Protein chains: 2
Amino acid sequence: MAKSKQREDHVKALYALGESLGGPKAWVSTNQMADHLGVKAPSVTSMVQVLQELGWAEHRPYRGARLTVAGRRLALNLVRKHRLWETFLVERLGFGWEEVHDIAEQLEHIDSVKLVDRLDEYLGCPKVDPHGDPIPDGKGLFNDDRSLRSPSDLVAGDVGRVAAVQRDDAALLSLLKSHGVALGTEWTHEALQGLPHDLREQLLLELVSTMKHGAS
Amino acid sequence: MAKSKQREDHVKALYALGESLGGPKAWVSTNQMADHLGVKAPSVTSMVQVLQELGWAEHRPYRGARLTVAGRRLALNLVRKHRLWETFLVERLGFGWEEVHDIAEQLEHIDSVKLVDRLDEYLGCPKVDPHGDPIPDGKGLFNDDRSLRSPSDLVAGDVGRVAAVQRDDAALLSLLKSHGVALGTEWTHEALQGLPHDLREQLLLELVSTMKHGAS
DNA sequence: CAATATTTTTAGATTTGTCTAAATTATTTT
DNA sequence: AAAATAATTTAGACAAATCTAAAAATATTG
């Protein structure tokens with residue numbers, strides 16, 4: 001096995017960037033990972049070579065890296081732990097959704113299958129975390145049957161409920177909060193235009209009502 | 001500050017051994033620490049020198065080491081976190097008291113004052129953990145007003161309630177469990193003699209009733 | 001109290017994860 | 001398509017935490 005905080009962080013970065021780049025087959029550049037992790041590119045190169053030896057990633061020199069099936073399983077387990085702990089912090093300990101990320105970042109590295117399973121059960125096997133993001137189950141599968149839309153998909157007359165936020169960092173979440181944006185709040189197309197563009201684009205909405213007729 | 005898991009582990013060992021050797025002024029040998037931590041003596045020497053530079057310990061070559069006031073504060077905070085997490089695992093997640101030590105050993109290094117305070121509050125500010133050991137408060141003070149006795153202090157006719165166990169490791173605790181020993185169970189002097197000597201000596205009891213008259 | 005035995009430290013090597021600077025490969029531009 | 005530019009890797013250094021083997025200090029014993 002030979003896990004470590006750093007190795008797990010690199011696996012998670014590889015997963016997150018791979019997803020945003022078009023799925024498990026996408027190659028992620030070492031520079032992107034370096035930016036994402038706040039380290040320099042050569043550090044990523046050497047770590048990615050370690051991940052390859054551990055069987056968690058594949059590395060094509062000068063092309064990039066991507067996760068193997070085992071690496072993906074590990075990544076999804078980290079996501080699961082992160083989101084379960086965030087849920088615990090918000091729902092049980094009364095934290096605000098904007099202040100839990102850094103703590104969950106530490107808690108996700110705690111190594112105990114039994115702990116995660118018990119925590120999941122204790123929280124009632126939640127399907128989404130406090131940011132609206134889906135929580136993978138014990139086998140690393142999402143149960144994401146929501147149909148989310150970008151704010152730019154809404155037209156005049158539509159109302160959308162905030163279901164998730166794309167990026168999970170304290171600054172952004174505080175800013176959203178200060179504009180009255182929280183999970184579950186409902187917004188008309190018009191009201192959304194009142195938000196700054198970069199903020200608005202971070203939201204994912206569930207359509208509550210529309211004036212449009214025909215196919216949804 | 002510059003905390004790390006290893007530095008914190010050495011501070012905790014220094015605290016634990018110092019206590020069992022007669023309080024904060026006692027010098028702890030590097031060999032004792034090495035045994036306790038499962039590393040070699042030279043590793044401890046170099047780490048103790050680091051702790052000295054950080055202001056957490058004092059090192060007298062060839063004599064031993066002991067904590068400074070700051071080091072002691074850090075140690076007590078680690079004990080606090082360890083015992084709060086153990087309480088959480090047993091009382092909320094349904095773990096057995098013998099299986100929580102290793103997980104709490106990881107959780108105690110999570111760094112967030114707010115998290116610890118919220119957890120404490122969530123658990124109802126418990127005074128003792130599932131092994132019966134007192135939990136220091138946020139300022140590092142024990143509220144230990146129990147008067148505990150060693151099994152050998154009991155005489156014929158006395159009944160004692162198991163209030164704590166001296167050592168916290170899974171093997172011992174499982175063994176105790178298999179002999180029917182759990183926190184809160186009551187034992188007569190005679191019944192205690194039925195336990196193996198080394199097991200019996202790990203217990204701390206609260207006197208429930210006695211046939212003796214006069215001073216307690 | 002001198003010789004021996006034990007404990008502890010120093011010296012130097014190793015592993016993990018990071019860095020900077022230089023070399024290499026890929027991409028873009030003209 | 002050659003030259004310039006950008007991205008990535010290699011090479012080599014460094015810090016943290018560990019180890020083994022050897023040296024130094026302390027304790028024990030005859």
Side-chain angles (χ1 to χ4, degrees), chain A residues 1-15 17-18 20-22 26-67 71 74-75 78 105-106 108-109 111, chain B residues 1-14 17-18 20-21 26-67 71 74-75 78 105-106 108-109 111:
Chain A
M1 274 272 162
K3 292 176 194 172
S4 82
K5 185 189 179 308
Q6 290 90 334
R7 289 167 186 186
E8 290 190 338
D9 284 341
H10 280 76
V11 166
K12 239 188 97 178
L14 202 37
Y15 171 76
L17 294 169
S20 77
L21 252 57
W27 293 101
V28 179
S29 85
T30 48
N31 262 0
Q32 284 176 293
M33 289 182 66
D35 277 3
H36 189 264
L37 289 162
V39 299
K40 301 297 177 180
S43 310
V44 172
T45 301
S46 74
M47 183 56 93
V48 152
Q49 288 163 349
V50 170
L51 297 186
Q52 175 153 265
E53 277 158 30
L54 290 166
W56 292 335
E58 193 181 349
H59 180 222
R60 285 278 174 75
Y62 295 101
R63 210 177 302 267
R66 62 185 179 189
L67 292 176
L74 175 55
L78 288 165
E105 202 76 1
Q106 295 182 61
E108 75 190 7
H109 298 293
D111 188 24
Chain B
M1 274 271 160
K3 292 176 193 170
S4 81
K5 186 190 177 307
Q6 289 92 335
R7 289 167 185 184
E8 290 190 337
D9 284 342
H10 280 76
V11 166
K12 240 188 97 178
L14 201 37
L17 293 169
S20 76
L21 254 57
W27 294 101
V28 179
S29 85
T30 47
N31 262 0
Q32 285 175 294
M33 289 182 67
D35 277 3
H36 189 265
L37 289 163
V39 299
K40 301 296 177 183
S43 310
V44 172
T45 301
S46 74
M47 183 55 95
V48 152
Q49 288 163 349
V50 170
L51 297 186
Q52 175 154 265
E53 277 158 31
L54 290 165
W56 292 336
E58 193 180 350
H59 179 224
R60 286 279 173 74
Y62 295 100
R63 209 176 302 266
R66 62 184 180 189
L67 292 176
L74 175 54
L78 288 167
E105 202 75 1
Q106 296 181 60
E108 76 191 5
H109 298 292
D111 189 24

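From a predicted model like this one, the values you see are computed outputs, not experimental measurements. By convention in this document, chain letters (A, B, ...) are assigned in the order of the sequence lines, proteins followed by strands, and residues within each chain are numbered from 1.
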Quiz item: Where do B/V44 and B/Q32 land on the side chain to side chain contact (heavy atoms under 4.5 Å, CB included) test, with the steps shown first?
Solution: CA-CA 10 Å; B/V44 172; B/Q32 285 175 294; over 6 Å; no
Quiz item: Do the charged groups of A/K12 and A/E105 touch, with an N to O distance under 4.0 Å?
Solution: yes
In whole angstroms, how far is the [atom2] atom of [N] from the [atom1] atom of [X]?
X     : N      : atom1 : atom2 : answer
A/W27 : C/dA26 : CH2   : P     : 14 Å
B/K3  : D/dA16 : NZ    : P     : 18 Å
A/M47 : C/dG17 : CE    : P     : 4 Å
A/L51 : C/dT18 : CG    : P     : 11 Å
A/E53 : C/dT16 : CD    : C1'   : 13 Å
B/K40 : C/dA11 : NZ    : C1'   : 18 Å
A/D9  : C/dT16 : CG    : P     : 17 Å
A/M33 : D/dT9  : CE    : P     : 11 Å

Looking at [N], I'd like to know if its phosphate oxygens (OP1 or OP2) sit under 4.0 Å from a side-chain N or O belonging to [X].
X     : N      : result
A/T30 : D/dT9  : yes
A/R7  : C/dG17 : yes
A/Q49 : D/dT10 : yes
B/S43 : D/dT18 : no
A/N31 : D/dA7  : no
B/S29 : C/dT8  : yes
B/H59 : C/dT8  : no

Self-check item: Trace of the side chain to side chain contact (heavy atoms under 4.5 Å, CB included) decision for B/H10 with B/L14
Solution: CA-CA 6 Å; B/H10 280 76; B/L14 201 37; over 6 Å; no
Quiz item: Which residue, A/Y62 or A/K5, contacts DNA chain C at a nucleotide closer to its 5' end, judged by nearest heavy atom?
Solution: A/K5
Self-check item: Nearest-nucleotide 5' precedence on DNA chain C, A/S4 against B/P42
Solution: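 Counting from the 5' end, the first nearest nucleotide belongs to B/P42.
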Self-check item: From C/dT9, D/dT9, C/dT18, nucleotide with atom closest to A/P61 side chain
Solution: D/dT9
Quiz item: Are the side chains of B/M33 and B/V48 in touch, meaning some heavy atoms are under 4.5 Å apart?
Solution: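 In short, these two side chains touch, coming nearer than 4.5 Å.
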Quiz item: Can a cation-pi geometry be assigned to A/R66 and A/W27, taking NZ or CZ under 6.0 Å from the six-membered ring centre and within 45° of the ring axis?
Solution: yes
Quiz item: So what does B/Q32 touch, heavy atoms closer than 4.0 Å: a base, only the sugar-phosphate, or nothing?
Solution: nothing
